[in-house]
S.K.: 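Encoded as structure tokens, here's the structure I'll be asking about.
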Amino acid sequence: MSNSKVAVDVRGASRVFKAPGQEPVAALDNVSVSIKENEFFTLLGPSGCGKTTLLRLIAGFDFPTDGQIMLYGEDIAVLPPYKRPVNTVFQSYALFPHMTVAQNIGFGLEMQGNPKLEIDARVAEMLKLVRMEPMKDRKTSQISGGQQQRVALARALAPKPKVLLLDEPLSALDYKLRKDMQIELKRLQTETGITFIFVTHDQEEALTMSDRIAVMSKGKILQVGSPHDIYDRPAVRFVADFIGETNFLSGAVKSSVKGTSKVKLDCGPEIAASADDGMKSSGKVTVVIRPEHSNLCAVKQGQMKGVLENAVYFGTDTHYHVKLDDGTHFMVRQQNEGGSGQNGFKVGAPVGISIDEGTARILRD
Amino acid sequence: MADLNKTLDLKRQAGFGTVAIICLIILYAPILVLMIFSFNSGSQITKFEGLGLSWYAAAFENQEFYSATKNTLIISFTATIFSTIAAVLAAIGTTRVKPWPGMSWAFMIINLPLMVPEIITAVATLSFFALIAGAFGLNFGIGNIIIAHTVFCIPFAYMPIKARLEDMDLTLENAAADLYASPWQAFKRITLPLLMPGIASGTALAFIVSFDDFTITQLVAGPGQTTLPLFIWNQIRRPMTPEINAISTILLMVSILFISVSFIISKSRKS
């Protein structure tokens, strides 16, 4: 991302719902985030975290109770949706059932008052972009879910919006189709060069498509960063837990030198763990270690020791559940090799665990 | 699973078929008899003497029948148009706005004509028009009946339209707004076309209710304002001939036609 122009700048936006006789609920709590031009930006979080509320505020279907929504420097927070140069792909697609595929795609252009010839040309271009030319005269009820999805995309892209908002658009598709559409979406974003703001609760979707991800919980943004940042350097426990699988170990910092600390874990050993600048350099901390960054080994060679409780076979890899000496559970993920795939570890036997160098991290909280 | 569903099916409970058949007979046998006697060649409505269309011929030659039909159609069409427009506006006002204090009252007031005994409405309407005539010297003639019918038909048109609006996916209107449609454009291009089946059922219902209304019309109608139901009522007070059966059958067919059309429209739009 050489281009660093800010497309959408959310400044201290809140959305508080008040019902008579009830405590006000903040669906969005003083959120600030800057989304750059041409970026594939994902809002990721569990249901009820405020990601859809934030998207609705940008689209104009809802209005912030506090704060600003800037689009290329202009505050659009109180504009109605039809006056905002942003378009939305809805979770349910919301295609107009009484119109054909081509009429659906042309609707936005028509409402903008473009001349008919221009609309036709742009619709043809869009049909080609999403590979739906043979279906242009079909009613939207006569095409499959995946095709409806592509029409919804084409309809939203046709008026060349400054920002495209996508509200969990892939959640209604089956697994195989979803995988294809993830690649398709990324292609469309690269080809059109339009800023995408994508809402999802699916961490895998977020990691594979995004330039940057904002992880949300309880109306707040907890961390913003590239997929690598979010996965390898989670700042807080929620992010580490929500994205992928992870092990949490508690311990106490012994010493700290330039971003790396020696941590004495409660389960016995002392390990090296990295931390961001300005984090506390003493006292109780939580260390996270990803299952794939650890290996089972003989008890003597292991940094940690425990008893193998369970091994779950997943085809590409196997998950080993180990109970450490202090009673905490630890999961190790190992890629399966060919052959029997047993790797020689027996359930119920004592095992050692080694940790890949430089992968353990200290959380901020 | 299939067998289990069969035993749970209400249709398979003992006595279900018998009860259903008895209900159907009670409902439809009198109407069927009425229709059969309209084809009677004799002059009695209780003794079938032979098959013939003579009473239909008599009906079509009856000038009073013609003028009653004309009155009925003028009243029904006008009242249907006004009540449907009012019903569409009322339905939008009670489904597409932020809940406002008094909305449940508005809802009740719209539907009140359904709950008030019709004879009360009729008497009230009669005295209302008498009051206007007395105080301002105003008499709208057949317009009086049209006004009374319009008011009475609104809730019938309102119900299917409101149901359709409530079923409609609000995201569609959001999508239209998102694609630069102003509220009026979104209504014209999205909401209204999708609402048409509801409007069609509402219109058909309002028409039927106005078409066969007796109680209110009987009280409000002045001389020369005889409608079909009033005409039939007047015929009954004379010695009855199967002509009345023929006229009733024609009336019934018109009703069935309208109900079928509205049913077919709502079916085809849904699929």
Side-chain angles (χ1 to χ4, degrees), chain A residues 19-20 52 55-56 58-63 79-99 103-114 119 126 139-142 148 151-169, chain B residues 88 91-93 95-105 160-203 261-271:
Chain A
T52 299
L55 199 77
R56 289 173 61 83
I58 300 171
F61 304 135
D62 200 356
F63 303 98
L79 285 184
Y82 57 93
K83 288 188 178 158
R84 300 184 188 203
V86 298
N87 290 137
T88 308
V89 177
F90 294 87
Q91 188 170 14
S92 60
Y93 314 144
L95 297 178
F96 305 130
H98 57 302
M99 295 184 191
Q103 284 169 339
N104 263 283
I105 297 175
F107 187 82
L109 299 162
E110 201 187 318
M111 292 298 117
Q112 284 179 321
N114 292 300
I119 297 176
M126 283 291 119
K139 278 278 170 69
T140 56
S141 54
Q142 294 165 331
Q148 287 180 11
V151 174
L153 265 167
R155 184 179 71 175
L157 285 170
K160 295 183 181 158
K162 287 192 172 152
V163 176
L164 186 75
L165 309 173
L166 303 104
D167 186 11
E168 307 214 23
Chain B
V88 170
I92 290 166
T95 55
R96 286 298 187 275
V97 294
K98 269 190 186 170
W100 41 281
M103 193 156 100
S104 52
W105 283 98
I161 296 170
K162 177 171 180 268
R164 180 83 189 177
L165 272 173
E166 278 175 343
D167 280 354
M168 210 184 286
D169 186 2
L170 272 176
T171 332
L172 292 177
E173 285 162 36
N174 276 346
D178 187 62
L179 293 161
Y180 313 107
S182 66
W184 168 243
Q185 283 173 316
F187 176 74
K188 204 174 62 178
R189 296 291 307 274
I190 307 301
T191 314
L192 197 59
L194 292 173
L195 191 57
M196 278 324 285
I199 293 176
S201 331
T203 307
V261 165
S262 96
F263 185 73
I264 289 164
I265 290 174
S266 62
K267 268 280 172 202
S268 68
R269 285 287 187 139
K270 245 174 212 169
S271 59

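Source: prediction; values computed, not measured.
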S.K.: Would you say the side chain of B/Thr171 lies within less than 4.5 Å of the side chain of A/Tyr93, judging by non-hydrogen atoms?
M.R.: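 No, their side chains stay 4.5 Å or more apart.
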S.K.: Can you name the residues that form a side-chain contact (heavy atoms from CB on, under 4.5 Å) with A/Phe96, not counting sequence neighbours?
M.R.: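 A/Phe96: side-chain contact (heavy atoms from CB on, under 4.5 Å) contacts with A/His98, A/Met99, A/Asn104, A/Phe107, A/Arg155, B/Leu172, B/Ala175, B/Ala176, B/Leu179, B/Ile190.
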S.K.: Under the rule for salt bridge (Lys or Arg N to Asp or Glu O under 4.0 Å), what residues qualify as partners of A/Asp62, not counting sequence neighbours?
M.R.: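 Salt bridge (Lys or Arg N to Asp or Glu O under 4.0 Å) check on A/Asp62 returns A/Arg15.
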S.K.: Counting only heavy atoms not in B/Trp105 (residues, nucleotides, ligands), do more than 12 fall under 6.0 Å from its CH2?
M.R.: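 No, because the 6.0 Å sphere around CH2 of B/Trp105 holds 12 heavy atoms or fewer from other groups.
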S.K.: If you compare all heavy atoms of A/Tyr82 against all heavy atoms of B/Ala181, which two are closest, and at what distance to 0.1 Å?
M.R.: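 Closest approach of A/Tyr82 to B/Ala181, heavy atoms only: CB-O, 3.4 Å.
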S.K.: Checking heavy atoms, do the side chain of A/Leu95, its backbone, both or neither come under 4.5 Å from chain B?
M.R.: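 Only the backbone of A/Leu95 comes within 4.5 Å of chain B.
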S.K.: I'd like to verify something: which residue of B/Glu173, B/Gln185, B/Arg189 has the highest number of heavy-atom pairs under 4.5 Å with chain A?
M.R.: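 The candidate making the most pairs under 4.5 Å is B/Arg189.
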S.K.: Is A/Glu110 in contact with chain B via its backbone, its side chain, both, or neither, using a 4.5 Å heavy-atom distance?
M.R.: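 Answer is side chain: those atoms of A/Glu110 sit under 4.5 Å from chain B.
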S.K.: What's the separation between atom CG in B/Asn174 and atom CZ in A/Arg56, rounded to the nearest 0.5 Å?
M.R.: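 Result: 6.0 Å between the selected atoms.
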S.K.: Measure across B/Asp178 and A/Phe61 and return the closest heavy-atom pair with its distance rounded to 0.1 Å.
M.R.: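 Shortest heavy-atom contact: CB-CZ, 3.8 Å.
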S.K.: Let me know if A/Thr88 has heavy atoms under 4.5 Å from chain B in its side chain, its backbone, both or neither.
M.R.: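 Both the backbone and the side chain of A/Thr88 come within 4.5 Å of chain B.
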